[in-house]
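One structure below.
What you are looking at is a predicted structure, and each value in this text was computed from that prediction instead of being measured.
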Amino acid sequence: MKYEFQSIEKKWQSRWESEKAFAAVNGSSLPKFYALIEFPYPSGDGLHMGHPRPYTAMDIIARKRRMQGYNVLFPMGFDAFGLPTENYAIKNKIHPSVVTRRNIKRFSDQLKMLGYSFDWDRCVDTTDPKYYKWTQWIFLKLFEKGLAYKALIPVNWCTSCKCVLANEEVVDGECERCGAPVVRREKSQWMLKITEYAQRLVDDLDSVDFIERVKTQQRNWIGRSVGAEVDFATTAGDTLRVFTTRPDTLFGATYMVMSPEHALLQKWSPGNPGEIKAYQDAAAKKSDFERTEMAKDKSGVEIKGIRAVNPVTGGEIPIYISDYVLASYGTGAIMAVPGHDQRDWEFAKKFALPIVEVVKGGDIEKEAFEDCDTGIMVNSGFITGLPVEDAKKKITKWLADEKLGEEKVNFKLRDWVFSRQRYWGEPIPIVHCEKCGYVPLPESELPLLLPDVENYETTETGESPLASMPEWTATVCPKCGGPAQRETDTMPQWAGSSWYFLRYADTGNDTALASREALDYWTPVDWYNGGMEHTTLHLLYSRFWHKFLYDIGVVPTPEPYMKRTSHGFILGEDGQKMSKSRGNVINPDEIISEYGADTSRLYVMFIGDFEKTAPWSSKAVKGCKRLLDRIWNLAETNTADDSASGSSSSTGSRAAESTGACECSAAHETAIHKAIKKVGADIENLKFNTAIATLMSLVNDFYATPPTRGDIKVLLTLLSPFAPHIAEELWEIQGFGGSAASQPWPDYDESKTLDAMLEIAIQIGGKLKGTVMAPIGSGDDDLLSIVVSDEKISRLIGGGKIVRTIIVKNKLVNLIVS
RNA sequence: GCGGCUGUGGCGGAAUAGGCAGACGCGCUGGCUUCAGGUGCCAGUCCGGGUUCCCGGGUGGGGGUUCAAGUCCCUUCAGCCGCACCA
């Protein structure tokens, strides 16, 4: 019989589906395991070969956990709101909901073809009103607690999407989605106060098992820095407050710089108003990206007629405006210490301002001496002579005592711009009332349905398509009953994905986002694998929402995910990132129809280190197909007849079938126990490639010495998480009873993983000269006598004298010969 | 500029805790089987030299520690990914 993967895979997939073979059980007494992967955006292109990599990995883990006796929740869903669908809908004149339904169907079919052990009954769709009701509900809670607010802010405006973007969505001054230039605009936007959680988002990273690069990237993004705020008196009468991480360098502050947007500038009447206005206007036109692009060349204008007073020296110093100071960080103004900050140094050189050394060690004629954390203070009054650390403490205390400043922690993290001027998103459940301001809809009116519109194209004015539907926007104020307008912006795509994993615990619930009981049992997620590109987006956002939900008593834990790992991309065959425009996209449908799902699964896992990028190779897939063919040949002829396994053996050396726990033969006992140990450990460490290599080696062994039924049984058990269809089919053919997927994960016996005889390397002077076989655990003396009695080695030693021997047990003998 | 990662055969990649570099797979070479084969099986395959066997070299480059270095230290080059005037 041939390995007919098409019919075999179809057979098992439909059986799994009809039997709901992988349903997670709420209310089970078993220990739970929650395995999560990032749900996909169902684009019109369908899956590409990058998707199966993380999915297969978690499927293997989920299947192994089931075999280990866990009640496993391994769900799938669709993050279906978003721009590409809307853009596609506009272009093809099809309603986004129709497009979404079609895409979800296609994705589901493709995923089912790969044999994933998802609990399909728990599938979620973020565009389903039953789902987004709770997204809106969370927004109302955020609003209620003052964490959602509307503000007029400069925003990133995508010139093509005609839509506001979050900072996280702007890449190199371009829209992350469409690549169009992003410019700056002032708009009134809904904002979420993620900054309120900045400290906890940093601190709690210590309590979770995330791979280090994820933690580092989140820490850098949040950007916590400790310093002080310091007040400078000015001749205008106002005090100018700055933030600095180096209060110890206060004696070196020889001028000040304010951002062009600083509020005090509107109040002051400097001697050169025209010049200042011109600079402000020029700065306002630039996008953030343009401003940073100009970074190399410092520009600025002095505010004539107004000076600041350095609080420690008492000296009057000039004040400038310059766009190298950002309005959005700290206080929007700085004290410039050109001796110890390169940016200030460049500015000071350009404007011929004094540069004072306050920490010894550098050459401030050449450049700012920045790397001075351990130096000694000079030219610094009462802190002269102190090490930097002590100087910091002393001056911070002095500032506080004199009421001139205080210790202060700042974050780079900004509040989250939460509104989008687009149609295909969750409507924000707020109305604008002339009398009452922004009024939340009562919970009973949720979900606020996204209305059907004739035309969902964006407008040049930058308003949401919903704004052109007066019959929808006109409503009554829930508070005073007067006329009011609905909010017409929608939520960003990140909204639905910020809490979807909670919904899986209790998908059908219509009285809560999920029951507390279900959340208590299933959350937190035990293992979450996803892309690095989401580290400062989805992963951070969802941690923020989760902490908020924890604070209001909805979820039982402060962190949503116990463990986070990340996979590398699969590149196209040309080593470039897969993309339609490059034409190097590998379509899973083709691979599945040519080689089958099991081979596809094996190959995406075998392709290379899971955590690194790896280029696709259509040739190399064959190796995995060959493995399955070889296993098929072994097990398909090894029928249920007890004696059959042995009768075909021609070696005659094979021992009788063992009756031990794992039922393996004496001939393969060591290899099998080694394989059980290695495959199990490799799965836990995401080393799927070497796990599969181990299976290949075992199969090679089985070809050299025919396996028994017991040997085959273990092989199929180990294979089952990787290639579940063929494993089940052969399991059935062999008549082992039950299913491969429901077998306990095999145990290994450490003592049986050890070879009786080991090859010992022999070195002379550290160079390999040969090997000998020796019994495991041989003592130093025994080993040495074996080595020196070796014909070749004794010849090489010749008349020399062994002056030293280094013996590493079970590994090598190194002889130093004089 | 800052932070992180990676450099190993023709290719993808292996190498617990410093201990035989190149597991496993692709490709390639040879043989056998079936020959309808683009199937299967067996053997070989880091490089160079003499060819049972042996000798020398080898993990981006240079230096060091060590009996022993892909692995540790210093230095240098190349590539990738984040962040980027955050005071």
Quiz item: Has A/Tyr329 got a side-chain N or O lying under 4.0 Å from the OP1 or OP2 atom of B/A87?
Solution: yes
Parallel, tilted or perpendicular: rings of A/Phe722 and A/Phe688 (30°, 60°) = perpendicular
Where does the angle between the aromatic ring planes of A/Phe347 and A/Tyr255 fall among parallel (under 30°), tilted (30 to 60°) and perpendicular (over 60°)? parallel
How about A/Asn410 and A/Arg224: do any of their side-chain heavy atoms sit closer than 4.5 Å?
-> no
Heavy-atom contacts, protein to nucleotides 2-17 of chain B, under 4.0 Å, summarised as B (base), S (sugar-phosphate only) or - (none) per nt, yield -S--------BSS---
Show me the protein contacts with nucleotides 63-66 of chain B, counting only N or O atoms at under 3.5 Å.
none

Any strand, both distances under 3.5 Å, Watson-Crick or G-U wobble: B/U71 pairs with none
Interatomic distance, OG@A/Ser778 vs CG@A/Leu758, rounded to 0.5 Å, equals 8.0 Å
Paired to B/C35 by Watson-Crick or G-U wobble criteria (both distances under 3.5 Å) is none
Polar pairs (N or O, both sides) under 3.5 Å between protein and nucleotides 41-47 of chain B?
from	atom 1	to	atom 2	distance (Å)
B/C41	OP1	A/Arg630	NH1	2.7

Across every strand shown, the nucleotide meeting Watson-Crick or G-U wobble geometry with B/U65 (both distances under 3.5 Å) is none
_Categorize A/Glu759 for me: base, sugar-phosphate, or nothing, with a 4.0 angstrom heavy-atom threshold over every strand shown._
base
A/Phe411 atom CZ is separated from B/A87 atom P, nearest whole Å, by 12 Å
When the P atoms of B/C46 and B/U29 are considered, how many whole Å apart are they? 16 Å
Counting distance alone, no hydrogens or angles: does the base of B/C85 have a donor or acceptor under 3.5 Å from a partner atom on the side chain of A/Lys298? yes
Exercise for review: For B/G49 versus B/G10, give the span between their P atoms, rounded off to a whole number of Å.
Suggested key: 15 Å
Just to be sure I understand the rule, does A/Leu812 reach a base, reach only the sugar-phosphate, or reach nothing, if contact means heavy atoms closer than 4.0 Å?
base
Whole-Å distance, A/Asp323 CG to B/A87 C1', equals 15 Å
Integer angstrom distance from the P of B/A69 to that of B/G63:
14 Å
Taking a pair to mean Watson-Crick or G-U wobble geometry with both distances below 3.5 Å, B/G82 pairs with B/C2
Heavy atoms of A/Gly339 and A/Ile364 approach each other most closely as O-CG2, 3.5 Å
Separation of B/C83 atom P from A/Gln218 atom CD, nearest Å, is 13 Å
From CD1 of A/Ile321 across to C1' of B/C85 the rounded distance in Å is 16 Å
Q) Which part of the nucleic acid, if any, lies within contact of A/Ser225, taking any heavy atom under 4.0 Å across all strands shown: a base, the sugar-phosphate backbone alone, or nothing? A) sugar-phosphate
Could you list all N or O pairs between the protein and nucleotides 49-59 of chain B that sit under 3.5 Å apart?
from	atom 1	to	atom 2	distance (Å)
B/G57	OP2	A/Lys767	NZ	3.4

Residue pair A/Asn814/A/Ile334 against RNA chain B: nearer the 5' end by closest nucleotide is A/Asn814
*Whole-angstrom distance between B/G18 and B/G70, as gauged at atom C1'*: 11 Å
Considering residues, nucleotides and ligands other than A/Lys811, do more than 12 of their heavy atoms fall under 6.0 Å from its NZ? no
ask   = P atom, B/U39 versus B/C26: distance in rounded Å?
value = 12 Å
What does A/Gln763 touch in the nucleic acid at a heavy-atom separation under 4.0 angstrom: a base, only the sugar-phosphate, or nothing?
base
All heavy atoms of A/Asn310 vs all of A/Ala253, minimum pair found to be ND2-O, 3.1 Å
Distance check, P atoms only: B/G13 and B/A23, in whole angstrom units.
15 Å
The Watson-Crick or G-U wobble partner of B/C11, with both key distances under 3.5 Å, is B/G25
Between CZ of A/Phe702 and C1' of B/C24 the distance, given in whole Å, is 16 Å
Check your understanding: Taking the same atom, P, in B/G25 and in B/C42, what whole-Å distance lies between them?
Key -> 11 Å
For A/Ile319 and A/Met258, the nearest pair of non-hydrogen atoms, with its separation, is CG2-SD, 3.6 Å
Just list the side-chain donor-acceptor pairs under 3.5 Å for residues 326-337 of chain A, sequence neighbours left out, or say none.
from	atom 1	to	atom 2	distance (Å)
A/Ser328	OG	A/Arg414	NH1	3.0
A/Tyr329	OH	A/Ser225	OG	3.0
A/Thr331	OG1	A/Arg241	O	2.6
A/Thr331	OG1	A/Ala333	N	3.4
A/Thr331	OG1	A/Ala333	O	3.3

A/Glu261 atom CD is separated from B/C85 atom C1', nearest whole Å, by 13 Å
In this structure, OG of A/Ser618 is separated from CD1 of A/Ile586 (nearest 0.5 Å) by 6.0 Å
Separation of B/C81 atom C1' from A/Gln576 atom CD, nearest Å, is 14 Å
So CD1 of A/Ile672 and CG of A/Leu715: to nearest 0.5 Å the spacing works out to 8.0 Å
Exercise. With a cut-off of 6.0 Å (strictly less than), are more than 12 heavy atoms of other residues, nucleotides or ligands near CG of A/Asp363?
Worked result: yes
Which whole number of Å gives the distance between the P atom of B/U6 and that of B/A14? 11 Å
The side-chain hydrogen bond (donor to acceptor under 3.5 Å, both in side chains) partners of A/His673 (sequence neighbours excluded) come to none
Out of B/A84, B/A87, B/C26, minimum distance to the side chain of A/Lys619 belongs to B/C26
For B/G56, the nucleotide meeting Watson-Crick or G-U wobble distances (both under 3.5 Å) is B/C47
Exercise for the section: Please answer whether the main-chain N or O of A/Met377 pairs with a side-chain N or O of A/Ser380 as donor and acceptor at a distance below 3.5 Å. Expected result: no
| said: Under 4.0 Å, heavy atoms only, any strand: does A/Ala693 hit a base, just the sugar-phosphate, or nothing? | reply: base
Classified by glycosidic angle (syn within 90° of 0, else anti), B/G60 comes out anti
* Quick one: label A/Ser697 by what it contacts on the DNA or RNA (base, sugar-phosphate, nothing), any heavy atom closer than 4.0 Å. => sugar-phosphate
From CE of A/Met532 across to P of B/C83 the rounded distance in Å is 10 Å
With a cut-off of 6.0 Å (strictly less than), are more than 12 heavy atoms of other residues, nucleotides or ligands near CD of A/Glu407? no
dist A/Asp415:CG -> A/Thr195:OG1 (nearest 0.5 Å) comes out at 3.5 Å
request  = Answer yes or no on whether A/Lys674 is positioned over the face of A/Tyr748, meaning its NZ or CZ is under 6.0 Å from the six-membered ring centre and within 45° of the axis.
outcome  = no
